[in-house]
Amino acid sequence: MIEYRASPDALAGLTEEDLAGGFFEGWPHPPTPAVHLAHLRGAEVAILAIDADTGAVVGFVTALGDGVLAAFIPLLEVLPAYRGRGIGGELVRRVLARLSDRYSVDLVCDPHLVPFYERLGGTRLDGVGWRNRAVLEP
Ligand SMILES: CC(C)(COP(=O)(O)OP(=O)(O)OC[C@H]1O[C@@H](n2cnc3c(N)ncnc32)[C@H](O)[C@@H]1OP(=O)(O)O)[C@@H](O)C(=O)NCCC(=O)NCCS
């Protein structure tokens, strides 16, 4: 069974070890668990998916926002062994519910994931981004 826990309570007692299960799959220079933990703590909203049988963190989503008008969802990931069971969709539904008072909630994704987000009520937009990959290099 999967349990969902939201910040701030979800982050109390969360450690780097809890985040060492293989997140940031395929990233050439993945953020360390310490950076991942700092990201979760700095986010306006963080929601974790926990395997209730093992206590392991198996998925997460974050949102950064101004608290009144706009929010951005920078990261969503479910560990490979847990994908295809509705966890990613549930994380998105839960973070959107926390942001239901916002005019805009945006995220950037690869084209193949647009239908996944459209099924969750999102609308395809054009976008522009800046990436400073050097900050992740060792
Ligand atoms: C995207 C992701 C969070 C989905 O998590 P999940 O728990 O598998 O999501 P759900 O079970 O709710 O929904 C699965 C759906 O995601 C979509 N999806 C996931 N990966 C996909 C891919 N590579 N190509 C196309 N669709 C994909 C499909 O619609 C899939 O439906 P299906 O299982 O019927 O094929 C997960 O695949 C993941 O962590 N991927 C790597 C990180 C990532 O891409 N994050 C999104 C950043 S914008």
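All ligand and atom numbering here is 1-based and tracks the order in the structure.
Shown here, atom 32 (P) of ligand 1 is out of close reach of the protein: none of its heavy atoms lies under 4.0 Å off. For atom 35 (O) of ligand 1, the protein comes within 4.0 Å by no heavy atom at all.
Of the protein's heavy atoms, Leu76 O, 3.7 Å lies nearest to atom 43 (C) of ligand 1. Protein heavy atom closest to atom 4 (C) of ligand 1, with residue, atom name and distance, is Phe116 CZ, 4.2 Å. Here the protein heavy atom with the shortest distance to atom 8 (O) of ligand 1 is Gly84 N, 2.8 Å. Nearest non-hydrogen protein atom to atom 39 (O) of ligand 1 is Val78 N, 2.8 Å. Protein heavy atom nearest atom 20 (N) of ligand 1, with residue, atom name and distance: Leu113 CD2, 3.8 Å. In this structure, the protein non-hydrogen atom closest to atom 37 (O) of ligand 1 is Arg83 CD, 3.4 Å. Protein heavy atom closest to atom 7 (O) of ligand 1, with residue, atom name and distance, is Gly88 N, 2.8 Å. Distance from atom 12 (O) of ligand 1 to its nearest protein heavy atom, with residue and atom name: Gly89 N, 2.8 Å.
Using a 4.0 Å cut-off between charged side-chain N and carboxylate O, Glu90 and Arg94 make a salt bridge.
Every atom of ligand 1 with a heavy atom of His112 under 4.0 Å away is listed here by number and element: 22 (C), 23 (N), 24 (N), 25 (C), 26 (N). Those atoms of ligand 1 that come under 4.0 Å of a heavy atom in Arg85, given as number and element, are 11 (O).
Heavy atoms of Val108 approach ligand 1 to within less than 4.0 angstrom. Judged by the shortest distance from any of its heavy atoms, Pro115 lies outside the 4.0 Å radius around the atoms of ligand 1. The shortest separation from a heavy atom of Arg119 to ligand 1 is under 4.0 Å, placing the residue in contact.
Among all heavy-atom pairs drawn from Pro31 and Leu136, the shortest one is CG-CD2, 4.0 Å.
By the 30° and 60° cut-offs, the orientation of the rings of Phe60 relative to His36 is tilted.
Within the 4.0 Å heavy-atom criterion, neither part of Trp27 lies near ligand 1.
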